[in-house]
Amino acid sequence: MALKRLNRIVQLSHTVSLTRPLHGSGCGLQLGAATQTEAPMESPRAVFRTSESEPASHGEQHIGQFYTIPPSQVKTIFPHGLPYRFQQQIKTFNEACLMVRKPALELIGYLKKADPAHPSVRYVLYGERGTGKSLSLCHALHHCSLQDWLILHVPDAHLWVKNCKELMASSYHRARFDQPIEASVWLKNFRVTNERFLKEIKTSQKYIWSKREFTDEGRPLGEIVDQGVTRVKNASDAVGVVLKELKAQARPGSYRLVVGVDGVNALWGRTTLRKEDRSLIDPSELTLVHNLRKMMKNDWCGGAVIATVTQTGSVFTPSSAYLPQELLGKEGFDFLDPFLPVLVRAYSEKEFESSYQYYRDRHWIQHHTVDSLKSILCVSLAPPAGHTEEGKKELLFLSNRNPAALERLCAFL
Amino acid sequence: MAASIAKFLRPWSPGVLPARWTRYNPYYLEPEPSKEVYRIPVTELTDEQKAAQELKAVRPIKAAPPGLTSSVFSDPTVSKFVNMMMEDGDKVLARSIITQTFESMKRKQVEKYHKAPATEKEGIECNPYTIFHQALENCKPIIGLISIQKGGKYYQVPTPLTDSRRRFLAMKWLITECRDNKHRRTHMYEKLSQELLAAFMNEGNVIKRKHDMHKMAEANRAFAHYRWW
């Protein structure tokens, strides 16, 4: 396992990053300095923070800069959406700062221009391991949430196709399987994000859960969610009902729906779950996967589907695969086709510099050779002149500008 | 006699050629990992450095051990600690435990730093390397005990310790403490980070063990003359 850990850092840094040449990077920085109200005290040459906390107003001049998400919004919009290491970072730094990057800006631009009357467009974020696909998805969802869209966020679809402790046969369909724990957890988090919509949207038909329990037509959707959370046995079916209702009622006049799925290739891959006779279960035989697949079709209007294809966490896929064709397979690709692919690359030089300055500002990079701000107790270890850049050059080399590799390297330095 | 010395000085290579061996001919030179040495331009070399460079052209060089790097982040104390913690030659696992320890220590301290008011921020140490070095320093015993046999009985006699022995004892105590006195489900890196932070503040079981050693030495003061060196 430790070998895998070190190998991961090596793999992350071996990713081929085709960085764009920085045309006018000098003017970009100057423009940044001119339009920013807030500048860090220690280094006037690299401005790494921006005071714009609305993703809608982020533009080209904000690329490479960090914007803060207020803690209240983090709790409501991302109860389960952020990657684990980012959650740890939020806890340590006491703030949630996300970097504005080109793929996310591109996505937000498309979302702004999209016509609600047209069928929903499917966007697929792809890229090598550790380049920032999940956080770009979170950035786009933050924007949608502030624009008052309904957020349907599946933080990791891979969790639904592996390591399921309780698998039970579905009561609704004989050949399918239910996953009560995963479904109830997801419903709880869904409720936290979309409280106000759950009161407004009404069911369009009667749903019978068992001999004595049923939900009438015209009741608020919140009741279905409560039913799924309290009666864990019906949770997967409750999820199916919620998805069906939201899709049916997402019209240009009413709310706008965004479906964010991280690891959509799990829906068309293989599972590690087995039936009682030890034969492998196909993803289509799982209720949750079956219902989510229906959401990914573009036969509804008034919203968007943003998906990520990732090898991390996927089962039975080679670690070098990162393209949508390789990860989705023929079936998945044909289902999602036509989609808009968005490539997420490793950091550019400016973004790397910005990330490095942010870690220094937050006192995260502590090693004395990396010119730490806090040199109170390091006076005796003060680096000789010319030594301060050594650490930074080494970080650049070791991480190959890969965001995840840089984060893991700075963690112990 | 001249013939025997000449025999010693002629080029010698072992019959079987291993990749690395602890018993090299003293003739072999140590490898030089630091980049600074190679960056000095030829004109600025001192006479000794020039002589060393010329010697490298004629003498063979020992194989570099696996823990030797030219990285600016390498620390010999940390490398020694990793080697001591290593079991069955699994250096990757030992090193990953140490990096996780540093990360968890840094996380705790940085979180405390960001939540503290401005007056207390100066006092919080966030650098895991300084914490590690300081904690190790606090765990090193000043005086040790050795077992000396006199008149059929063995006595614990107080004795001064060399620097390397003190460092070894501090590291050994830390590792054994973290291996033995932890809950079955606590990870090594968690326990180690707790112990290091406690030792940094001069608390914890390892500091207690050091104080016990000092008290024993103080108590056995009378037997100090049993030592004849």
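Sequence lines set the chain letters: A, B, ... in the order given, protein chains first and strands last, and positions in each chain run from 1.
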Using a 6.0 Å cut-off, check whether atom [atom1] of [X] has over 12 heavy atoms from anything other than its own residue.
| X | atom1 | value |
| --- | --- | --- |
| Lys75(A) | NZ | no |
| Asp180(B) | CG | yes |
| Arg39(B) | CZ | yes |
| Tyr38(B) | OH | yes |
| Lys172(B) | NZ | no |
| Met84(B) | CE | yes |
| Lys35(B) | NZ | yes |
| Lys80(B) | NZ | no |

For Gln88(A), is it the side chain, the backbone, both or neither that has a heavy atom under 4.5 Å from a heavy atom of chain B?
->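 Contact with chain B involves both backbone and side-chain atoms of Gln88(A).
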
Lys393(A) versus chain B, the contacting section by heavy-atom distance below 4.5 Å |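 For Lys393(A), there is no contact with chain B at all, as no heavy atom is under 4.5 Å.
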
Could you have a look at Lys112(B), Lys115(B), Lys108(B), Gln109(B) and say which one has the most heavy-atom pairs with chain A under 4.5 angstrom?
->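 Counting heavy-atom pairs under 4.5 Å, the top option is Lys115(B).
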
Heavy-atom closest contact (Val110(B) atom, Trp364(A) atom, distance) =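 Scanning both residues, the minimum pair turns out to be CG2-CE3, 4.1 Å.
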
Spacing of [atom1] belonging to [X] relative to [atom2] belonging to [Y], to within rounding of 0.5 Å:
| X | Y | atom1 | atom2 | answer |
| --- | --- | --- | --- | --- |
| His367(A) | Phe73(B) | NE2 | CZ | 6.5 Å |
| Gln366(A) | Thr130(B) | CD | OG1 | 7.0 Å |
| Asn127(B) | Leu413(A) | CG | CG | 9.5 Å |
| Thr69(B) | Glu394(A) | OG1 | CD | 8.0 Å |

Non-hydrogen side-chain atoms of His114(B) and Arg362(A) separated by less than 4.5 Å =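 Yes, at least one pair of side-chain atoms sits under 4.5 Å.
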
Under a 4.5 Å heavy-atom cut-off, does chain A meet the side chain of Ser104(B), its backbone, both or neither?
->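 Neither the backbone nor the side chain of Ser104(B) comes within 4.5 Å of chain A.
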
Where on Tyr129(B) is there a heavy atom nearer than 4.5 Å to chain A: the side chain, the backbone, both, or neither?
->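 Only the side chain of Tyr129(B) comes within 4.5 Å of chain A.
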
Testing Lys106(B), Glu103(B), Arg107(B) for side chain to side chain donor-acceptor pair (under 3.5 Å) with Thr92(A), which one passes?
->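 Only one of Lys106(B), Glu103(B), Arg107(B) forms a side chain to side chain donor-acceptor pair (under 3.5 Å) with Thr92(A), namely Arg107(B).
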
